[in-house]
Each structure stands twice: as C-alpha cells, then as structure tokens.
Amino acid sequence: MTVAIKHPAQAQTETVSLSPNGTGGNAIEAEKMSVFYGDFCAVRDVYMKVPSNKITAIIGPSGCGKSTVLRCFNRMNDLIAGARIEGEVFFQGQNIYDSDVDPVEVRRRIGMVFQKPNPFPKTIYENVAWGTRINGFRGDMDEMVERALRSAALWEEVKDKLQQSALGLSGGQQQRLCIARAIAVEPEIILMDEPASALDPIATLRIEDLMKELSEKYTIIVVTHNMQQAARISDYTAFFSVDDKRTGNLIEFDDTEKIFTIPSQKSTEDYITGRFG
C-alpha cells in the first residue's frame, strides 16, 4: 500500500510506503513534541505512541495542554498565530511536520470533532456531502451520505428531512452530524475535543456508544474532563499535568484500567481520586 501525504505538487513523485497498520500498529507517534505560543512553552517533550483502532483518552486539569496536544496531531495549531511545534509527530511512518507535507491532506486523513457542535448553515445532506465535494468525490453521493449518517447512528432520525437545515437538529444530533461529516471523507483517525461536554446525559451516552462502535474502524483520540467517561469508553489514557511554569507535561500513559486502578505516578492517583485538579 502506497499513500502520499506530500504537497499536491510533489505527490506524483514523492510517496511514502505504508504498512496496513501504519507505524508498527500505532496510529500516531509523538517524539519529543513541544508546543510554544510565542515564548511560552505550553507543552513540553511529549512522547506518545497511540495504538491503532483503539480509543485513547487524554485527561488532566484545566490548562495542562490537552487540547493543544490533540490539535498537534492534525496540525490545527498551524492556524493559531504565534504557535510553533518542536519535535516530531509520525503518521503512517512520516513526520507530518516535514516542510513538504500538505497540512490540508493531513487534516483530511486525521479528522476532528470539536467541543461545541458546529454544523454548517446548510441542509443536513450538504453538511455531510461538503467535504467529499471539495475533495473531488466522483461516486454515488446519495449512497455516501447515507453510509456516513448510518455510521454516525443518525440516519433513521434524519432520513426524511435531509433537505432541512442542520441547525434545526438537537445538540446531540448536531454533534453526531459533525461526526458523520468527519467520517464522510474516510479519515483514518478521528480526534474529539470534549465532544459531549455540552450535551445532556442521554445524548452523551449516545455519543459514547457511537465512539465505541467507530473504534472498530477508526482510531479515536478524545480529550475529556470527565474521568468517569474516560474510564467507561477508552482503552488507553494519557494523564497530563502542569508544572510551576504552567507548562503541560505528560505524566503517565498506559492502559485505562491500570491508570484508574494502580497508576504508576502519585500525581496521577491524586488527580483520579480528586485530591487536586
């Protein structure tokens, strides 16, 4: 299998040979990754190997860099003035921060769902179709839209109102629509930044069930402030904390069961048990 994530102008001559499971079974590998906003170091020296087709939760107190780390994995921080990344982030064996890598292609293959549902002011149908249209999709658009909505557990609720505005959906439905929009372009990884924090408990449960279903096909990395949610849905958990300079540091990354029962670090245990954070 050969896939290119180079800049389009170079894609015909420069490709990367990939194994079916990416980098040794890992979806993302961060090596000595640090993030700066101007002179401020927001996150320092992160080493993470995120397994493929699993759910990895990122937890930690406010300000520890959880969302910053998540955005590094598909170069969303590139869009923030003054942000810069040091170190390397490998996807499919290639550092996505190499100068000749196309960040738009990275974001297509590593999709993102945000904290607040952000459907476009378009019809439900066009919300799902939009990304594939701009990527030059030439297949059966109706079939693709239905497949994406079914994958997001939304089809039965909206199949008779596809031409209605997406803004008329409930909050939970809007979030599932955003998930459908993300998976319509067939990414390999889905990043989720507190996707259920603005939803009621019933809608939250539906999103959690959906995440478990999607992890059979996609790698999911989710930032959550809800430790019960992390314990329920994730296979692996990364705990971040802040030092006295307000810089985020990865304290521990392990199986979720181990993190929540016998963590290696005292600070992890303190956070999990509510002693700080």
Side-chain angles (χ1 to χ4, degrees), residues 1-37 42-43 46-53 56 65 67-114 118 120 126-139 141 144 148 178-193 214 217-223:
M1 179 180 180
T2 301
V3 180
I5 57 171
K6 297 287 186 180
H7 190 279
Q10 300 175 341
Q12 293 183 348
T13 58
E14 298 186 43
T15 60
V16 181
S17 182
L18 309 177
S19 66
N21 293 320
T23 310
N26 295 317
I28 287 281
E29 294 190 5
E31 295 188 2
K32 204 176 181 182
M33 183 186 76
S34 298
V35 186
F36 295 83
Y37 296 118
V43 178
V46 173
Y47 289 84
M48 284 182 69
K49 294 184 178 182
V50 179
S52 299
N53 295 104
T56 294
S67 295
T68 293
V69 168
L70 194 72
R71 291 194 300 264
C72 286
F73 293 154
N74 71 344
R75 295 189 57 168
M76 287 295 289
N77 286 321
D78 291 11
L79 307 176
I80 300 176
R84 78 177 192 280
I85 286 81
E86 296 182 357
E88 297 173 308
V89 177
F90 291 98
F91 167 65
Q92 299 282 22
Q94 183 174 9
N95 179 18
I96 64 173
Y97 286 94
D98 281 347
S99 60
D100 53 358
V101 168
D102 179 17
V104 175
E105 176 66 6
V106 169
R107 294 177 200 129
R108 185 191 71 78
R109 295 176 64 184
I110 306 176
M112 191 158 192
V113 176
F114 297 92
N118 59 341
F120 302 140
E126 285 303 320
N127 263 268
V128 180
W130 180 81
T132 55
R133 286 193 200 282
I134 65 173
N135 280 289
F137 180 73
R138 293 292 182 269
M141 188 67 76
M144 185 281 301
C178 292
I179 293 172
R181 187 175 68 195
I183 63 180
V185 297
E186 298 186 341
E188 286 138 82
I189 300 172
I190 303 174
L191 310 178
M192 296 185 172
D193 193 355
L214 292 175
K217 183 176 181 180
Y218 306 98
T219 299
I220 296 177
I221 309 174
V222 56
V223 165

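Residues forming a side-chain hydrogen bond (donor to acceptor under 3.5 Å, both in side chains) with Asn135 (at least two apart in sequence, or on another chain): none. A search for side-chain contact (heavy atoms from CB on, under 4.5 Å) contacts involving Phe114 returns Met76, Met112, Asn118, not counting sequence neighbours. The side-chain contact (heavy atoms from CB on, under 4.5 Å) search around Ala180 returns Val128, Ala148, Leu149, Ala152, not counting sequence neighbours. Not a single side-chain hydrogen bond (donor to acceptor under 3.5 Å, both in side chains) links Tyr47 to another residue, sequence neighbours left out. For Arg71, there are no salt bridge (Lys or Arg N to Asp or Glu O under 4.0 Å) partners two or more places apart in sequence or in a different chain.
Of the possible polar contacts, none joining the Asn74 side chain to the Val106 backbone as a donor-acceptor pair under 3.5 Å is found. The main-chain N or O of Tyr97 is found under 3.5 Å from a side-chain atom of Asn95 such that the two form a donor-acceptor pair. Within the 3.5 Å criterion, the main-chain N or O of Val185 finds no donor-acceptor partner in the side chain of Thr132.
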Side-chain atoms of residues 82-90: list all donor-acceptor pairs with protein atoms under 3.5 Å, sequence neighbours left out, distances to 0.1 Å.
from  : atom 1 : to    : atom 2 : distance (Å)
Arg84 : NH1    : Gly38 : O      : 3.0

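Salt bridge Glu186/Arg108: absent, no basic N to carboxylate O contact under 4.0 Å.
The CD1 atom of Ile179 lies 6.5 Å from the CG atom of Leu214; values are rounded to the nearest 0.5 Å.
Side-chain contact of Ser67 with Asp193: a donor-acceptor pair under 3.5 Å is present, judged by distance alone.
With respect to Cys72, the side chain to side chain contact (heavy atoms under 4.5 Å, CB included) criterion is satisfied by exactly one of Asn77, Asp78, Ile96: Asn77.
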Apply the test side-chain contact (heavy atoms from CB on, under 4.5 Å) to residues Glu126 and Phe120: give CA-CA distance (whole Å), side-chain angles for both, the deciding distance (0.1 Å), then the verdict. CA-CA 9 Å; Glu126 285 303 320; Phe120 302 140; over 6 Å; no
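For the residue pair Gly131 and Ile134, the shortest heavy atom distance occurs at O-CG1, 3.2 Å.
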